[in-house]
**Student:** 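One structure is given below, represented as structure tokens, and several questions about it will come after.
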Amino acid sequence: MKYRIGLLSLGILALLGAGCEVTTANLQNVKMCSALVDYQCAEDTVEFSSDTPELFLTALLQNAVEGTVVNYSWYYLGEQGTEEPYEIDSVDFTKKEGDQQEVYGSLSIPDNGWPVGAYQVVLQIKADNVDPITKEFSIK
């Protein structure tokens with residue numbers, strides 16, 4: 001009887017764990033800037049001019065194994081920052097063997113220039129046990 005209960009418990013745990021992806025990976029030193037130095041932002045900037053050619057978000061990806069996926073999603077929040085977020089772009093980075101721990105995403109100026117207002121970029125390791133990191137910034 002004890003043997004059956006043990007097997008039943010293991011079966012339930014296996015079903016509960018199916019589809020859940022956990023990781024020890026984490027992101028540190030998340031910064032925004034308009035120019036990279038050795039693939040990293042030297043300082044964290046939260047306000048950019050409307051003629052900034054490119055925006056960068058950098059981070060250190062630590063304890064990540066090959067195949068770890070990091071998503072960068074860029075949003076416009078409107079001139080007052082109160083509108084429903086409008087997704088501008090979303091890109092995945094997949095860690096390959098030998099990759100450095102520095103990761104970055106970028107967004108180039110639109111043809112008509114940056115709309116003035118509030119923005120955010122959400123950085124997310126694609127795993128069930130990691131909360132996203134949101135960086136808010138503005139274009140003046």
**Student:** Measure across A59 and L27 and return the closest heavy-atom pair with its distance rounded to 0.1 Å.
**Tutor:**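 Taking A59 first and L27 second, the nearest heavy atoms are CB-CD2, 4.0 Å.
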
**Student:** Please indicate whether Q80 has more than 12 foreign heavy atoms, meaning atoms of other residues, nucleotides or ligands, lying under 6.0 Å from its CD.
**Tutor:**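 Not buried by this count: 12 neighbours or fewer within 6.0 Å.
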
**Student:** Report the C-alpha separation of L77 and E83 in whole Å, then their side-chain angles, then the decisive distance to 0.1 Å, and conclude whether the side-chain contact (heavy atoms from CB on, under 4.5 Å) test is met.
**Tutor:** CA-CA 5 Å; L77 305 175; E83 295 178 23; 5.8 Å; no

**Student:** Is the backbone of C41 close enough, under 3.5 Å, to the side chain of T58 for a donor and an acceptor to pair up by distance?
**Tutor:** yes

**Student:** Under a 4.5 Å cut-off applied to non-hydrogen side-chain atoms, are S49 and D51 in contact?
**Tutor:**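 Answer yes - side chains close enough.
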
**Student:** Would you list the pairs meeting side-chain hydrogen bond (donor to acceptor under 3.5 Å, both in side chains) in which at least one residue belongs to residues 22-35, sequence neighbours left out?
**Tutor:** N26-Q28

**Student:** Find out if a path of hydrophobic residues (ILVMFWY) with successive side-chain heavy-atom gaps under 4.5 Å connects V91 to Y119.
**Tutor:**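 No, V91 does not connect to Y119 through the hydrophobic network.
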
**Student:** If Ile, Leu, Val, Met, Phe, Trp and Tyr residues are connected whenever their side-chain heavy atoms lie under 4.5 Å apart, and connections chain through other members, are I109 and W74 in the same group?
**Tutor:**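 I109 clusters together with W74.
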
**Student:** Taking atom types as modelled, find out whether E54 and S106 have a side-chain donor-acceptor pair closer than 3.5 angstrom.
**Tutor:** yes

**Student:** Check whether L107 and V121 end up in the same hydrophobic cluster, where Ile, Leu, Val, Met, Phe, Trp and Tyr are linked by side-chain heavy atoms less than 4.5 Å apart.
**Tutor:** yes

**Student:** Only one of T68, D92, N71, T94 forms a side chain to side chain donor-acceptor pair (under 3.5 Å) with K126, so which one is it?
**Tutor:** D92

**Student:** Say you draw a straight line from CE of M32 to CD of E136; how long is it, rounded to the nearest 0.5 Å?
**Tutor:**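 It is 11.0 Å, given to the nearest 0.5 Å.
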
**Student:** Could you tell me which residues satisfy ring pair (Phe, Tyr, Trp, His ring centres under 6.0 Å) with F93, sequence neighbours excluded, listed by chain and number?
**Tutor:**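 Residues passing ring pair (Phe, Tyr, Trp, His ring centres under 6.0 Å) with F93: none at all.
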
**Student:** Might you point out which heavy atoms bring W114 and T52 nearest each other, and give the distance in Å?
**Tutor:** NE1-O, 2.7 Å

**Student:** Please walk me through it: do L55 and I139 pass side-chain contact (heavy atoms from CB on, under 4.5 Å)?
**Tutor:** CA-CA 11 Å; L55 305 174; I139 303 288; 4.3 Å; yes

**Student:** Measuring from atom CG of D89 to atom OG of S108, what distance do you get when rounded to the nearest 0.5 angstrom?
**Tutor:** 9.5 Å

**Student:** Within this structure, what is the OH-OG distance for the pair Y72 and S90, rounded to the nearest 0.5 Å?
**Tutor:**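 Rounded to the nearest 0.5 Å, the OH-OG separation comes out at 11.5 Å.
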
**Student:** N129 and V22: which non-hydrogen atoms are nearest, and at how many Å?
**Tutor:**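 Here N129 and V22 meet closest at OD1-CA, 3.3 Å.
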
**Student:** Should we count CD of E97 as having more than 12 external heavy atoms under 6.0 Å?
**Tutor:**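 For E97, atom CD is not crowded (no more than 12 foreign heavy atoms under 6.0 Å).
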
**Student:** Looking at Y76 and I88, would you say the former's side chain and the latter's main chain have a donor-acceptor pair under 3.5 Å?
**Tutor:** no

**Student:** Count I, L, V, M, F, W, Y as connected when their side-chain heavy atoms are under 4.5 Å apart, and connections chain through other members. Are V30 and V69 then in the same cluster?
**Tutor:** no

**Student:** Nearest 0.5 angstrom please: Q120 CD to E87 CD, how far?
**Tutor:**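 Atom-to-atom, Q120:CD and E87:CD are 10.5 Å apart.
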
**Student:** Does atom CZ (F137) have a neighbourhood of more than 12 heavy atoms from anything else shown, all under 6.0 Å?
**Tutor:** yes

**Student:** Start with the C-alpha distance between T134 and Y75, add both sets of side-chain angles, then the distance that settles side-chain contact (heavy atoms from CB on, under 4.5 Å), and finish with yes or no.
**Tutor:** CA-CA 10 Å; T134 301; Y75 298 93; over 6 Å; no

**Student:** Give the minimum heavy-atom separation between D131 and Q124, together with the two atoms involved.
**Tutor:** C-OE1, 3.9 Å

**Student:** NZ/K95 to CD1/I125 distance, rounded to the nearest 0.5 angstrom?
**Tutor:** 11.5 Å

**Student:** To the nearest 0.5 Å, how far apart are CG in L36 and CZ in F56?
**Tutor:** 4.5 Å

**Student:** Using the rule that Ile, Leu, Val, Met, Phe, Trp and Tyr join whenever any side-chain heavy atoms are under 4.5 Å apart, tell me whether L123 and Y104 fall into a single cluster.
**Tutor:** no

